[in-house]
Trainee: 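There's a structure below that I have some questions on.
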Amino acid sequence: MGQANWFSINETNFRRCVKLVGNTCLKNYPDLNIPCHSRWRHFEIGETDLWQHYTQNTQNFKGEKIDLARSAVDLVFLSVLLDAGAGGDWVFEDPVTGKLLSRSEGLAAASVELFFNHIARFEHVTGWVMDADSLKLMTQKKFASAFQHSCKNPLAGIDGRFSLLQGLASVLENDRTDQQRYGRPGNLIDECLAVSKRSFRGKVSVDVTQVLAIVLKRFGAIWPNGYHIQQGHERLNLGDCGYHSQLTIGDQTDGIVPFHKLSQWLTYSLIEPLQWAGIEVVNLDGLTGLPEYRNGGLFIDTGSLQPLDQSLLHSRLALNSEAVVEWRALTVYMLDRLAVDLRATLQLSAKQLPLCSVLQGGTWAAGRELAARLRPQATPPLNLAIDGTIF
């Protein structure tokens, strides 16, 4: 990225950070058999798997495994779309387990309840379907109620989240198919099959970067941050990007730093439904680490990233401010470095410990635990103006 304007890297503290993450991996996964970081981990609340709770006892479902996988994609797409930071003052009482949940776990449980009880319709052959018709029935009042949002229990960025839901409905409304009035996120499985490869033994596989490309192409218009480029006669929405003055490419993308945090989080979370549909996802290191406040917070809280001006830690920062953009970009860079050093420490190969497992094992958990020790309600180290669309 060239000369950093806002942060410096402390190599001594970075080495300590690698050791901390390694210890966290061993604590959470003593056998080092670490799954991929995905939304599905948040659907597991203690001994209860919310997905299994809603799907395993349905006697009327007559579809195939691939139909259930399409329903899983519908659910996880909705859940990831609504997964920006919840803020420190919101909790969700899960009707299935009765537990009070906050942050990512609370948002996950709320999105499952929203999907099965308010949005998706059940069809005997196709399973649970979320399309434009089902989304358009959701009002902002019902949406806020489903998330138990109130003045006493405020969910950060509630308006932005509902806008994302409306954006999804608009995209699906324009995505008609021969078989359906409107498309649905679950059709991603069929698009992945269309670009997949089949081995001589009949195994079907798709590269994870192809999955991300499909997600960005089909749903890029949902993200409302305003960055566009002109491609011929078409004006392309670039989605989750930021601007940094030190990035020079020499064309219309000058200064634009791509992140696509929620799109990549979604892609990681699509791996399991694709596997359930019989599709192996390969090249798991083809994506970047996730530039969000748990991973980025880890590097600030360990002193691996240090603000050049300490007042930055006490300022209210817009998500598109250059300081936040630089923090997110450096987070992606340092996650790549950390993965290499962590594999050496744990004596694992990239295949044994792909980047998505580093995040799960890992950086996300260590970032959260450290934040909880340092600040009430485990808030990020930077004061972010969360709008419900990125973090």
Side-chain angles (χ1 to χ4, degrees), residues 1 36-39 73 76-85 104 107 157 160-161 163-165 167-168 171 185 188 191-192 195 206-229 231 234-244 247 249 252-271 274 281 283-296 318-322 324-336 339 354-356 358-360 363-364 384 386-391:
M1 193 169 69
C36 184
H37 190 52
S38 88
R39 193 57 161 161
V73 172
V76 83
F77 197 99
L78 175 76
S79 188
V80 169
L81 189 70
L82 302 175
D83 193 38
S104 290
L107 290 169
R161 292 172 210 273
S163 295
L164 290 178
L165 207 65
L168 175 59
V171 167
L188 279 165
E191 294 184 62
C192 289
V195 299
V206 65
D207 191 294
V208 73
T209 60
Q210 292 177 299
V211 181
L212 177 61
I214 292 169
V215 169
L216 292 175
K217 183 177 180 181
R218 281 195 64 195
F219 300 104
I222 293 173
W223 312 113
N225 75 355
Y227 288 102
H228 298 82
I229 61 170
Q231 191 173 73
E234 190 176 2
R235 191 165 181 257
L236 298 179
N237 185 327
L238 296 183
D240 177 18
C241 297
Y243 180 84
H244 197 283
L247 183 64
I249 305 298
Q252 61 179 323
T253 65
D254 267 2
I256 296 177
V257 185
F259 295 117
H260 306 302
K261 182 261 177 176
L262 284 174
S263 295
Q264 293 198 85
W265 176 224
L266 172 62
T267 303
Y268 283 130
S269 300
L270 290 173
I271 291 172
L274 287 168
V281 183
N283 186 29
L284 294 183
D285 274 354
L287 304 184
T288 75
L290 300 178
E292 43 85 24
Y293 69 80
R294 289 305 177 203
N295 293 320
L319 298 184
N320 62 353
S321 65
E322 187 177 87
V324 174
V325 171
E326 184 171 300
W327 176 41
R328 299 182 78 199
L330 286 170
T331 296
V332 173
Y333 162 71
M334 295 181 75
L335 285 170
D336 279 344
L355 183 57
C356 60
V358 172
L359 301 177
Q360 177 64 25
T363 57
W364 194 88
L384 304 170
I386 294 173
D387 65 0
T389 65
I390 295 179
F391 281 93

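Scope of the values below: all heavy atoms of this structure, side chains included, with no hydrogens, waters or symmetry mates. All values reported here derive from a predicted model rather than from experimental measurement.
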Trainee: Taking all heavy atoms of Ser269 and all of Val80, pick out the closest pair and write down the distance.
Mentor: OG-CG2, 4.0 Å
Trainee: Show the nearest heavy-atom pair for residues Gln210 and Val195, with the distance to one decimal.
Mentor: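 Looking at all heavy atoms of both residues, the shortest contact is NE2-O, 3.7 Å.
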Trainee: Do His260 and Val215 have side chains that get closer than 4.5 Å, going by heavy atoms?
Mentor: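 A side-chain contact under 4.5 Å is absent here.
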Trainee: For Phe219, give me all partners under ring-ring contact (aromatic ring centres under 6.0 Å, His included), at least two apart in sequence or on another chain.
Mentor: Phe77
Trainee: Given side chains that start at C-beta, do those of Leu359 and Tyr268 come closer than 4.5 Å, heavy atoms only?
Mentor: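 In short, these two side chains touch, coming nearer than 4.5 Å.
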Trainee: Enter the distance from Trp327:CH2 to Asn295:CG here, rounded to the nearest 0.5 Å.
Mentor: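 It is 9.5 Å, given to the nearest 0.5 Å.
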Trainee: Is the shortest heavy-atom distance from the side chain of Gln264 to the side chain of Val332 under 4.5 Å?
Mentor: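 The answer is no, as the side chains (C-beta and beyond) never meet within the 4.5 Å cut-off.
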Trainee: Give the minimum heavy-atom separation between Leu335 and Leu355, together with the two atoms involved.
Mentor: O-CD1, 4.1 Å
Trainee: Only counting residues at least two apart or in another chain, list the ones meeting salt bridge (charged side-chain N to carboxylate O under 4.0 Å, His left out) with Glu322.
Mentor: none
Trainee: Kindly give the heavy-atom pair with the smallest separation between Val211 and Cys192, and that separation in Å.
Mentor: CG2-SG, 3.9 Å
Trainee: Looking at residues at least two apart in the chain, or sitting in another chain, which of them share a salt bridge (charged side-chain N to carboxylate O under 4.0 Å, His left out) with Asp336?
Mentor: none
Trainee: Asp83 and salt bridge (Lys or Arg N to Asp or Glu O under 4.0 Å): which partner among Arg294, Arg39, Arg161?
Mentor: Arg39
Trainee: Got Leu384 and Val324 here, is their nearest side-chain heavy-atom distance under 4.5 Å?
Mentor: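 Touching, per the 4.5 Å side-chain cut-off.
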